[in-house]
Amino acid sequence: MIVLGIESSCDETAAAVVSDGHQILSSVVASQVAVHHPYGGVVPELASRKHIEAIVPVVNDAIADAGITADQIDGVAVTQGPGLVGSLLVGFSFAKGFAYGHGIPWIGVDHLEGHVNSVFLTPDPPTFPFVALLVSGGHTSIYHVTAHRAFHPMGQTRDDAAGEAYDKVAKMLGLGYPGGVVIDRLAAQGDPSKVFFTRPFLDKNQFDFSFSGIKSAVSRYIQTHPETDQEDHANIAAGFQAAVVEVLSHKIIRAALEKGCRHLAVVGGVAANQGLRKVVSRDAAEAGITVHIPSLDLCGDNAAMVAVVGYHRLKAGEHAGMDDDVYSRIKFRPGR
Ligand code: KG4
Ligand code: ZN
């Protein structure tokens with residue numbers, strides 16, 4: 001079954017063609033980073049307008065890159081939420097029209113469910129059950145995943161998402177938006193032992209997170225050390241990253257052990273973090289757990305992950321109707 005995936009929940013317009021829920025025939029992502037960069041964050045109205053400009057060429061490119069014609073597509077999967085309503089509406093309305101025009105079924109997909117399923121696009125996907133750490137700009141959660149579409153939340157952030165903390169720390173250091181990848185690179189040049197930040201574990205045996213305290217600690221450090229140079233900035237980035245990564249790694253491995261899972265997955269934009277990939281892989285190996293992390297291009301927002309979920313739902317006979325609408329807030333129900 002060939003599924004066209006479409007994603008437009010935030011600042012990336014993406015389309016992908018995926019065969020049988022695991023083989024990527026094409027994946028196109030048009031980033032709006034340059035548009036939002038001057039504002040230090042995503043401007044919703046600008047994002048919607050850019051999606052409108054990009055959606056047709058991005059979908060056409062995805063179909064051409066896949067080496068197929070539009071009439072070979074069996075179904076369409078599109079992100080329904082959560083995200084920016086104006087942005088979501090562009091992809092969602094396009095998908096509705098495309099499916100109607102071609103007389104094929106379509107389905108709305110949860111963005112978070114998409115991220116978790118991105119791990120099935122890796123050459124060696126996990127076997128059920130496994131635990132998944134979803135770390136992105138909007139979410140930080142741990143799920144016990146017992147089947148493709150059965151997610152049981154074990155914990156989540158009580159305030160900022162990990163990626164949000166990265167973006168805010170980057171802003172404090174004058175590194176622009178989005179900051180995760182810049183902090184990651186800077187941290188590699190710094191010494192994490194020079195600037196210590198308290199690890200925000202909350203309860204070491206629970207799976208909730210809190211990242212607003214460490215963000216404030218970085219802000220206080222910068223305010224009380226006004227004479228910092230480039231080397232100090234690298235040490236601050238390294239100290240911040242070490243603290244965040246230690247907590248993320250501890251909790252996902254603890255979750256795997258509690259559920260007796262031999263496999264764990266790390267997904268979402270922050271899963272691209274080199275420090276996190278290294279530490280989780282090291283700690284999991286010590287605990288005898290196999291780690292699955294998608295390639296860098298599948299960590300951030302993309303449409304291939306949306307097509308994976310769409311494939312399983314369309315195959316199960318589900319499809320959306322013309323009255324269906326997008327949703328902005330998290331709607332991830334346990335045990336579906
Ligand atoms: O999954 P994603 O593309 O969008 C959301 O669904 O939120 O995640 C974007 C987030 C941003 O906060 C970005 O700064 C962060 O992922 N990010 C990183 C890295 N690359 C992207 N954070 C830390 N290290 C990275 N290498
Ligand atoms: Zn995302």
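Counting starts at 1 for both ligands and their atoms, in listed order. All values below were derived from every heavy atom in this structure, side-chain atoms included, with hydrogens, water molecules and symmetry-related copies excluded.
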- Message: For the aromatic rings, using the six-membered ring if either is Trp, is the centroid distance between W106 and F92 under 6.0 Å?
- Response: yes
- Scan residues 195-204 for pairs that pass side-chain hydrogen bond (donor to acceptor under 3.5 Å, both in side chains), counting only residues two or more places apart or in two chains. R199-E246
- Query: Which residues satisfy the salt bridge (charged side-chain N to carboxylate O under 4.0 Å, His left out) test with R262, sequence neighbours excluded?
  - Reply: none
- Could an N or O of ligand 1 be found under 3.5 Å from any N or O of G163, whether backbone or side chain? yes
- Task: Less than 2.8 Å from the Zn ion (ligand 2) is the window; count the protein N, O or S atoms in it.
- Result: 3
- Query: Which residue holds the protein heavy atom closest to atom 9 (C) of ligand 1, what is that atom called, and what is the gap in Å?
  - Reply: G137 N, 3.7 Å
- Message: Are any of the N/O atoms on N273, whether in the backbone or the side chain, positioned under 3.5 angstrom from an N/O atom of ligand 1?
- Response: yes
- Task: Record the part of Q274 in heavy-atom contact with ligand 1 below 4.0 Å; permitted values are side chain, backbone, both and neither.
- Result: neither
- Query: How about Y177 and Y39: are their ring centres within less than 6.0 Å of each other?
  - Reply: no
- Residue pairs fulfilling salt bridge (charged side-chain N to carboxylate O under 4.0 Å, His left out) with at least one residue in residues 47-64, sequence neighbours excluded: E45-R49, K50-E53
- Message: Below 4.0 Å, non-hydrogen atoms only: which portion of D184 touches ligand 1? Side chain, backbone, both or neither.
- Response: side chain
- Closest protein heavy atom to atom 2 (P) of ligand 1, given as residue, atom name and distance to 0.1 Å: D301 OD1, 3.5 Å
- Note on the structure: closest protein heavy atom to atom 14 (O) of ligand 1 is D167 OD1, 2.6 Å
- Closest non-hydrogen protein atom to atom 17 (N) of ligand 1, residue and atom name please, with distance? G269 O, 3.7 Å
